[in-house]
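Side chains included, hydrogens not; waters and symmetry mates left out as well; all remaining heavy atoms used.
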Amino acid sequence: MAKPLLVIAAGGTGGHMFPAQALAEAMLARGWRVKLSTDARGNRYSDSFPEAVKREVVSSATPARGGALAKIAMPFRILSGVLSAWSSMRKDRPTVVVGFGGYPAIPAMSAATVLGLPRMVHEQNGVLGRVNGLFAKRADVVACSVWPTELPPKTNAVHTGNPVRGVVLEHAGAPYHFPGDFPMNLLVIGGSQGASILSNVVPKAVALLPEAMRAHLNVSHQARAADLEDVVAFYEGLGVAADVQPFFDDVPVRMDAAQLVISRAGASSIADLTVIGRPSILIPLAIAVRDEQTANAKALVEAGGAFLIKEPELTPEGLASHIEAILADAEGATAMAQAAAAQGKPDATETLAALVESLAEKG
């Protein structure tokens with residue numbers, strides 16, 4: 001008897017792909033076959049998926065990219081992707097299809113809807129994304145990372161949390177080493193591609209810290225390639241030990257070792273922070289149309305695990321004040337770490353995997 005097949009439809013950013021990868025790992029462990037349906041852009045994030053996951057690259061498009069001609073061609077590119085996904089599913093019928101959002105998820109989710117296959121939507125953010133919104137009412141279930149998430153009426157929704165990869169779960173609940181007069185690690189991450197505003201503000205904020213605190217500081221700073229040289233030079237000028245890279249492939253290790261994390265409030269970053277349990281200063285992305293990053297951070301901030309600074313209000317002086325307040329208060333920092341860990345859902349992946357198997361039984 002052939003193994004059941006899960007098709008995961010996702011793409012666009014690490015925020016969609018990281019939880020998709022976590023589910024892929026879990027379903028492979030349960031004896032399923034797994035296929036990732038994405039476009040060329042999403043496929044660039046698939047290198048970390050297990051080798052056993054089959055990649056299926058389909059045509060898709062997003063209105064955020066390209067000029068007028070690209071926008072005119074967009075419906076035709078998506079239709080081409082839908083037909084390709086439909087043809088593939090006719091040849092190798094999936095047992096369940098799960099969409100994680102992003103425009104690359106449209107072809108597989110559309111084909112699954114046409115074929116009447118058991119299907120689920122997973123929403124990583126506290127506000128339903130555009131693509132997930134298209135399929136939420138047509139899906140058998142919508143799995144939500146953040147609760148409550150605003151959803152269309154009569155949507156069958158459950159709170160699962162946001163799945164994290166196995167490399168993150170290895171550090172779940174790791175003991176927190178509170179700050180003091182010894183080496184302290186500051187981790188600065190700005191999403192899968194870094195954030196220029198953090199590269200502009202964080203080093204200047206570090207420069208405003210008391211000299212005695214700076215002397216004990218080790219900084220891991222994710223910076224865009226265009227900002228890299230300036231950030232490196234600034235930290236060198238301060239005499240602060242800093243590892244500056246466009247991308248860290250060991251974020252869970254660095255987060256485990258960190259006394260404080262400065263980050264965007266992307267869904268995967270919030271999930272990692274709460275599963276590992278670290279104090280953080282969160283700066284939600286201001287240009288997010290639905291302000292989903294503020295919604296993502298809400299519960300963590302209210303629980304006392306993080307401070308939130310709105311992007312228009314982010315200044316070196318204000319950020320330095322928050323950094324100093326946390327790193328100068330071992331007891332308070334420890335309480336923040338504990339509050340963050342209390343918000344974590346390390347079982348989110350297994351909860352989602354169980355939902356997939358439940359849909360397979362009903363289908």
Side-chain angles (χ1 to χ4, degrees), residues 10 13-26 45 48-49 100-101 122-126 143-147 160-177 185-195 198 219-222 243 245 247-285 292-301 303-308 326 333 336-352:
T13 68
H16 299 302
M17 298 296 272
F18 288 157
Q21 178 188 333
L23 180 61
E25 293 169 350
Y45 289 90
S48 58
F49 276 66
F100 282 85
H122 181 271
E123 177 54 57
Q124 299 88 52
N125 295 300
C144 301
S145 294
V146 179
W147 200 258
T160 61
N162 199 20
V164 298
R165 298 161 294 159
V167 292
V168 177
L169 285 177
E170 290 173 5
H171 300 271
Y176 177 63
H177 302 289
N185 297 308
L186 174 66
L187 174 63
V188 184
I189 47 178
S192 55
Q193 296 180 342
L198 298 187
V219 181
S220 293
H221 189 133
Q222 182 194 13
D243 183 2
Q245 299 182 34
F247 182 78
F248 292 125
D249 58 9
D250 59 348
V251 166
V253 175
R254 292 173 189 262
M255 190 174 288
D256 184 330
Q259 277 68 49
L260 174 62
V261 179
I262 299 174
S263 176
R264 287 297 200 189
S268 290
S269 297
I270 297 290
D272 291 355
L273 282 165
T274 55
V275 166
I276 297 174
R278 292 297 176 264
S280 59
I281 299 170
L282 303 174
I283 298 95
L285 181 67
E292 59 267 26
Q293 291 204 356
T294 298
N296 295 345
K298 186 173 184 289
L300 181 56
V301 172
F307 289 112
L308 185 143
I326 294 169
M336 288 183 72
Q338 292 170 344
Q343 291 290 309
K345 281 190 166 291
D347 60 348
T349 304
E350 290 303 313
T351 301
L352 203 61

Quiz item: For Asp272 and Arg165, what are the C-alpha separation, side-chain angles and deciding distance, and is it a side-chain contact (heavy atoms from CB on, under 4.5 Å)?
Solution: CA-CA 9 Å; Asp272 291 355; Arg165 298 161 294 159; 4.2 Å; yes
So, taking the atom named [atom1] in [X] and the one named [atom2] in [Y], what distance separates them when rounded to the nearest 0.5 Å?
X      : Y      : atom1 : atom2 : value
Asn185 : Arg278 : CG    : CZ    : 10.5 Å
His177 : Asp256 : NE2   : CG    : 7.0 Å
Phe307 : Ile283 : CZ    : CD1   : 12.5 Å
Trp147 : Thr160 : CH2   : OG1   : 9.5 Å
Met255 : Ser280 : CE    : OG    : 8.5 Å
Ile281 : Leu198 : CD1   : CG    : 10.5 Å

Considering all heavy atoms, the nearest [X]-[Y] contact:
X      : Y      : value
His122 : Gly161 : NE2-O, 3.2 Å
His16  : Ala10  : O-CB, 4.2 Å
Leu352 : Phe100 : CD2-CZ, 3.9 Å
Arg264 : Leu282 : O-CD2, 3.8 Å
Pro19  : Gly14  : CD-O, 4.1 Å
Asn296 : Gly266 : ND2-C, 3.9 Å

Quiz item: Can Asn162 and Ile270 be said to form a side-chain contact (heavy atoms from CB on, under 4.5 Å), step by step?
Solution: CA-CA 9 Å; Asn162 199 20; Ile270 297 290; over 6 Å; no
Spell out, as yes or no, whether a donor-acceptor pair under 3.5 Å connects the side chain of [X] to the backbone of [Y].
X      : Y      : answer
Ser220 : Asp243 : no
Gln293 : Leu285 : yes
Gln343 : Ala303 : no

Side-chain contact, heavy-atom cut-off 4.5 Å: [X] with [Y]?
X      : Y      : value
Ser48  : Gln21  : yes
Val164 : Pro346 : no
Met336 : Tyr176 : no

Exercise. Decide side-chain contact (heavy atoms from CB on, under 4.5 Å) for Val168 and Phe18; before the verdict, give the C-alpha distance in whole Å, the side-chain angles of both, and the deciding distance to 0.1 Å.
Key: CA-CA 10 Å; Val168 177; Phe18 288 157; over 6 Å; no
Quiz prompt | Heavy atoms from other residues, nucleotides or ligands near NZ of Lys345 exceed 12 (cutoff 6.0 Å) | solution = yes
Self-check item: Criterion side-chain contact (heavy atoms from CB on, under 4.5 Å) on Leu187 and Gln222, from CA distance to verdict
Solution: CA-CA 8 Å; Leu187 174 63; Gln222 182 194 13; over 6 Å; no
Quiz prompt | Residue list, salt bridge (Lys or Arg N to Asp or Glu O under 4.0 Å) with Asp250, at least two apart or on another chain | solution = Arg254
